[in-house]
Amino acid sequence: MARAPDVRSTAGKRLPVREHVALLIIGAGPAGLGAALEAARQGVHTVLIDEHPVEQGLIGLDIPFHFGGRMAGRSASAMERLVEADPRLAEAFEAGVDVRLGVAAWGLFSPRDGQRWVRERVAGLSDGQDAWFMSFDAAIIATGRRDFGLSFPGWDLPGVMGVTAADAALRRYDAFSGRDLVILGSGIEATGFAQATLAAGCRVAALIEAADAPLDAEGCAALGARGIPVLTGAMVARAEGGVDGVARVRCVKLSGEAAPAEFACDTVVLAAGAVPVVELLDVAGAAIVFDAARGGHVPLIDAHGRTSVPMLFAAGDCAGITPEKTMDPEAAAAEGARAAIAAASANPEAWPSLAEPTTVGADPGMLENRLRWAAAAMAVAEADTPVCQCEEVSLADLLGVRPPRYLNRDQPTMRARNVTTLGGDGALNQDQIKRLTRAGMGACQGRRCREQIGALLAGATGTALAAIPLPSYRAPVRPLPLSVFAAADEDPALSENWFGWFGIDGQWTPFWELAESKDAEGMP
């Protein structure tokens, strides 16, 4: 005998969808714009969204990038500055693309197990004031990169920021407030940003590199010719300052063979590595693999950017970070154009099966770089140095698998546990670490610490970095105020069957309506 579904479940209900588009492109960087312009040439109805300009509250939470308090507040002209910073945005407007800036995608959904009321491919969108669903025939994810977080004493001071955030503040917003810089890293991201800030009138006090030799030797030589020191085999031992942020940093040689060096600065830029932004791809159900040649955890894709989810494509840095794309934005734009051509002719019924990449583990450079910086962070860590700033989890808390401080965590059985004993129970998993310590569970949703925690766990236990799974993501993939969902449409069948605890009448009725009802009835 067939059982009827629970009337309070979403089975049989409909997800309210406000609008539909043939092609949705998320991210208006080089890859997203390349895809949008090609889609326009193909005659495809296209909506291109980008979360920039970012709301001031999110900038304070270091979302989507680690801004570190060194981006001047969002001004009324931020939208105009973004358009001026990339002429291809105006090109896309002129080509007929529906460009929406300041609109973020907080979720991607398609019909599958656990989502029975999702009957088509949809994206959850928000402009900070409202939230709604848009259905689409195909979507190209071009969400780009973010920075590999790096902890040291004082890295929670204002003025410590990621190079991607610093570059966005400088080039896209014209709102970078740093003046005197120390840059951690010596790769092309570090040297390129150093040159850009010098051109903007800033001072670069030094580049600090944990490796024994500069990664971008040519770029570092050019900076050295301008009198900027490049310290190799070194690490920031401490950033010092006050309420206004960083005032100086003290650097040490990791070998301990030289006296510490001190540099006056107001900004420390973390350029120790970049990470593909895969949150939306993960929540959409796309297969994620660890590919060292593409920067770590990336979507499984083919040559056209197809993911494992029908009609979902990835392009640009979120599909994999390579030196070619870092040095030349046109390489990412070409990826976007290829994905747009494929999306225009794709058939969901004939979606190809994808093979695991043969490049997994083929590039030891990225692995070595992350583990080297993680080891440098461990070398300078102090007892209270937070690895996870949001939840105030120190390195000792992380490696000791200590529960939050508000719990009774000094019990002998708890003190007897650490990552080594945990590893003896089975493979390490960051989701387990997150639940036990809360590391990575804060407002930034792991953006500042997620990959660093993986590298610290790998280095401390001798586990291969590729063997530590990516922690799970859930929608919404960015913080949103509850107010944006307050007026959201809902299937009436859902509200008709809201469950009231203990039979309390009016549990879901706003208090002001209850008060009006009592007044009308003459009740006290």
Side-chain angles (χ1 to χ4, degrees), residues 17-54 64 77-105 108 120-128 132-145 167-168 171-174 277 280-281 301 303-307 311-319 324-325 327-348:
V17 175
R18 184 180 297 181
E19 54 184 331
H20 178 82
V21 67
L23 177 62
L24 172 64
I25 302 174
I26 301 174
L33 282 165
L37 291 170
E38 182 58 42
R41 285 189 285 270
Q42 297 282 328
V44 179
H45 175 216
T46 302
V47 170
L48 171 66
I49 68 168
D50 194 284
E51 62 189 335
H52 295 277
V54 181
S77 62
M79 193 78 74
E80 290 79 4
R81 286 178 175 173
L82 286 175
V83 175
E84 290 171 2
D86 195 333
R88 285 187 297 182
L89 276 170
E91 260 188 83
F93 277 117
E94 293 296 324
V97 177
D98 183 352
V99 180
R100 306 183 190 182
L101 301 180
V103 174
L108 275 179
E120 54 192 330
R121 290 175 285 274
V122 296
L125 306 180
S126 177
D127 59 4
W132 67 97
F133 290 103
M134 172 190 283
S135 61
F136 55 86
D137 295 330
I140 298 174
I141 312 304
T143 44
R145 67 170 68 189
D167 188 73
R171 300 179 199 252
R172 299 186 71 182
Y173 287 89
D174 189 25
V277 175
L280 280 173
L281 292 155
I301 56 173
H304 302 284
R306 294 185 184 94
T307 71
M311 307 307 289
L312 185 63
F313 298 77
D317 286 339
C318 74
E324 292 75 23
K325 282 187 276 189
M327 291 186 289
D328 183 9
E330 289 304 315
E335 278 191 5
R338 286 197 298 273
I341 293 170
S345 58
N347 177 5

- Message: I want to check something: taking the side chain as every heavy atom from C-beta on, are P64 and H52 in contact at a cut-off of under 4.5 Å?
- Response: yes
- Message: I need the minimum non-hydrogen distance between V44 and A344, along with the two atoms involved.
- Response: CG2-CB, 3.9 Å
- Item | Stepwise side-chain contact (heavy atoms from CB on, under 4.5 Å) test for L108 and I141 | CA-CA 10 Å; L108 275 179; I141 312 304; 3.4 Å; yes
- Task: Measure across A319 and I301 and return the closest heavy-atom pair with its distance rounded to 0.1 Å.
- Result: CB-CD1, 3.8 Å
- Item | side chain to side chain donor-acceptor pair (under 3.5 Å) contacts touching residues 84-99 (sequence neighbours left out) | D98-R100
- Message: One pair to check against side-chain contact (heavy atoms from CB on, under 4.5 Å): R81 and Y173. What are the steps and the verdict?
- Response: CA-CA 6 Å; R81 286 178 175 173; Y173 287 89; 5.7 Å; no
- Measure the spacing between CG of L33 and CG of L89 and express it to the nearest 0.5 Å. 5.0 Å
- Item | A142 versus A31, closest heavy-atom pair with distance | CB-CB, 4.0 Å
- Query: What's the shortest heavy-atom distance between P30 and P329, and which atoms?
  - Reply: CB-O, 3.5 Å
- Message: Restricting to non-hydrogen atoms, name the atom on A315 and the atom on A339 that form the minimum distance, rounded to 0.1 Å.
- Response: CB-CB, 4.4 Å
- Task: Give a yes or no on whether the backbone of V277 and the side-chain of T143 come within a donor-acceptor separation of less than 3.5 Å.
- Result: yes
- Which residues share a ring-ring contact (aromatic ring centres under 6.0 Å, His included) with H304, sequence neighbours left out: none
- Message: Can you give me the closest heavy-atom contact between A337 and E38, atom names plus distance?
- Response: O-CG, 3.6 Å
- Message: Any heavy-atom pair between the side chains of W132 and E19 that's under 4.5 Å?
- Response: yes
- Item | Heavy-atom side-chain contact between L101 and V83 under 4.5 Å | yes
- Item | Distance in Å, E80 CD paired with D174 CG, rounded so as to fall on 0.5 Å steps | 13.0 Å
- Item | CA sep, side-chain torsions, deciding dist, call: I140, L23, side-chain contact (heavy atoms from CB on, under 4.5 Å) | CA-CA 8 Å; I140 298 174; L23 177 62; 4.0 Å; yes
- A28 backbone acceptor or donor facing D50 side chain under 3.5 Å: yes
- Query: Are any side-chain N or O atoms of T307 and backbone N or O atoms of L312, one a donor and one an acceptor, separated by less than 3.5 Å?
  - Reply: yes
- Task: Please collect all side chain to side chain donor-acceptor pair (under 3.5 Å) contacts where either partner lies in residues 330-346, sequence neighbours excluded, each pair once.
- Result: K325-E335
- Query: Excluding sequence neighbours, so at least two apart, what forms salt bridge (charged side-chain N to carboxylate O under 4.0 Å, His left out) with D127?
  - Reply: none
- Query: Looking at I26, V21, I25, which one forms a side chain to side chain contact (heavy atoms under 4.5 Å, CB included) with L48?
  - Reply: I25
- Mind checking side-chain hydrogen bond (donor to acceptor under 3.5 Å, both in side chains) for H20 and listing every partner two or more places apart, or none if nothing turns up? S135, D137
- Query: With R306, which residues qualify under salt bridge (charged side-chain N to carboxylate O under 4.0 Å, His left out), at least two apart?
  - Reply: D302
